[in-house]
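The basis for the numbers below is simple: all heavy atoms, side chains too, and nothing from hydrogens, waters or symmetry mates. As the structure lists them, so they are numbered: ligands from 1, and atoms in each ligand from 1.
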Amino acid sequence: MNAPTSPAASATAIDLAPFRTRRARLLERMQAAGGGVAILPTAPERARNRDTHYPYRHDSYFYYLSGFREPEAVVVLVAGAEPKQILFCREKNEEREIWDGYRYGPEAARETFGFDEAWTVGDLERRLPDYLADQPVLWSGLGYDNDWDAKVMLALNAVRANARSGVTPPHSVRDLRAELDEMRLIKDASELATMRRAAQISAAAHCRAMRAARPGRFEYELEAELLHAFRAAGSQYPAYPSIVASGANACVLHYVDNDHRMTDGELLLIDAGCELDGYASDITRSFPVNGQFSAAQREVYELVLAAQHAARAEIRPGAHWNQPHDAAVKVLAQGLLDLGLLKGSLDAVLEKGDYRRFYMHRTGHWLGMDVHDAGEYKLGGDWRALVEGMVLTVEPGCYIRPAADVPEAFWNIGVRIEDDAIVTADGCEFISEDVPKTVADIEALMRDGRHG
Ligand code: GLY
Ligand code: MN
Ligand code: MN
């Protein structure tokens, strides 16, 4: 292959063996489920306004199987006694490459990414019916993109139209994403290594923002510190829009305006994580703008931290998905009773769900290529059991809005503490803890960071 320019250089820096292993595993799973052909496109490019596009981001499922980051590409996998792996991608085009940068073209892509065949994407429509002929099952993502669904149905109908010449079309269509969701749920060693690094970059970014916080600054100034740290460390994008929420804004769960001036005495909640080589991190820290917790802020903070410890203690293989949430809710509910913010018995508060006034979201979600990653949470109606290699967030919180029955000292305190956890053989590994979490450590970083 020619000496690549930068996009290709960064793609080939990634070990491509795991992608080949995943394709082989998917083919085995397809074969066990009746064989057939899988067709999987990457994400389309999307216009932001007139001729300006959103930054391009590949489709997660497509990338999981290919490692290929260019737009306009499709993977086709044919199961059976002689499985075949095919990539469709953009043609080489020296004129376009002068304007838009390097593209592999089928030949170099086939060799680099380890496919049996590669063709230009313009050939897709013509070739698909041949791949589908005499195959029992068509595997495709269903209902995510109308244009794509229509294209796949056209190919299916093209095979059906050939029935009189003795060709049999696939008789069943299966959801390819459901199959891939199960695979994506358990991360392999290369995924875990990337996720550890993504979490480290995000943790360093949170430290940087913590050091830069002070009364009088704007929330967006801290967002800028986060973005600087993400990109300077080589991550490609934020995994989701950063939340930098001071005071009352911290009680708005999806606050992303980030345009308020921070004032003395407020608490600040930052929920931000980078995406590195296709993998997300997701960290939240809450801390005082002025570097010193008030008594009420400290009480709420310690309560949420205790809830996180309780949740963490429930993460191990065999525990079911909801155990960490149940443990966090129990600690939070008791703490809210102790603070006088809820009334009654613990059992009644849990039973009636009164705690939801202050804790209205769940304690975590799967984390991977997507921040809210692929994978079912229940199997056959029951919470699924945790398995080594799964990755989840642990993110209890407490959000107290002004109200007549709440002492004023607690008004507008919004706390969430979120870390990323890998399920290990005998428990879990928190991979995002390189940013202070105890009251003492946060206050020390903010004190020393400012004067250092
Ligand atoms: N940052 C999104 C979430 O915490 O779920
Ligand atoms: Mn999260
Ligand atoms: Mn988050």
Item checked: Close-range residues for ligand 1, whose non-hydrogen atoms fall below the 4.0 Å threshold -> Tyr240, Asp271, Asp282, His365, His372, Glu395, Glu418
Notebook entry, point to check: Do Tyr61 and Asp181 have side-chain atoms, one donor and one acceptor, less than 3.5 Å apart?
Noted result: yes
Note to self: At a cut-off of 2.8 Å, what protein N/O/S atoms sit near the Mn ion (ligand 2)?
What the structure shows: Asp282 OD2, His365 NE2, Glu395 OE2, Glu418 OE2
Checklist line | Distance-only donor-acceptor check, side chains His365 and Glu395, under 3.5 Å | finding: yes
Margin query: When you measure from the centre of the six-membered ring of Phe115, is the NZ or CZ of Arg23 closer than 6.0 Å and no more than 45° off the axis?
Written below: yes
Margin query: Is a donor from one side chain sitting under 3.5 angstrom from an acceptor on the other, for Ser60 and Asp370?
Written below: yes
Item checked: Distance-only donor-acceptor check, side chains His361 and Tyr399, under 3.5 Å -> yes
Check: When rounded to the nearest 0.5 angstrom, what is the spacing between CE in Met390 and CG in Leu185?
Finding: 4.0 Å
Checklist line | Side chains of Glu429 and Thr424, donor plus acceptor under 3.5 Å | finding: no
Check: So, is the end of the Arg298 side chain (NZ or CZ) under 6.0 Å from the ring centre of Tyr301 and within 45° of the ring's axis?
Finding: no
Note to self: My understanding is that only one of Arg20, Arg25, Arg22 makes a salt bridge (Lys or Arg N to Asp or Glu O under 4.0 Å) with Asp188; could you say which?
What the structure shows: Arg22
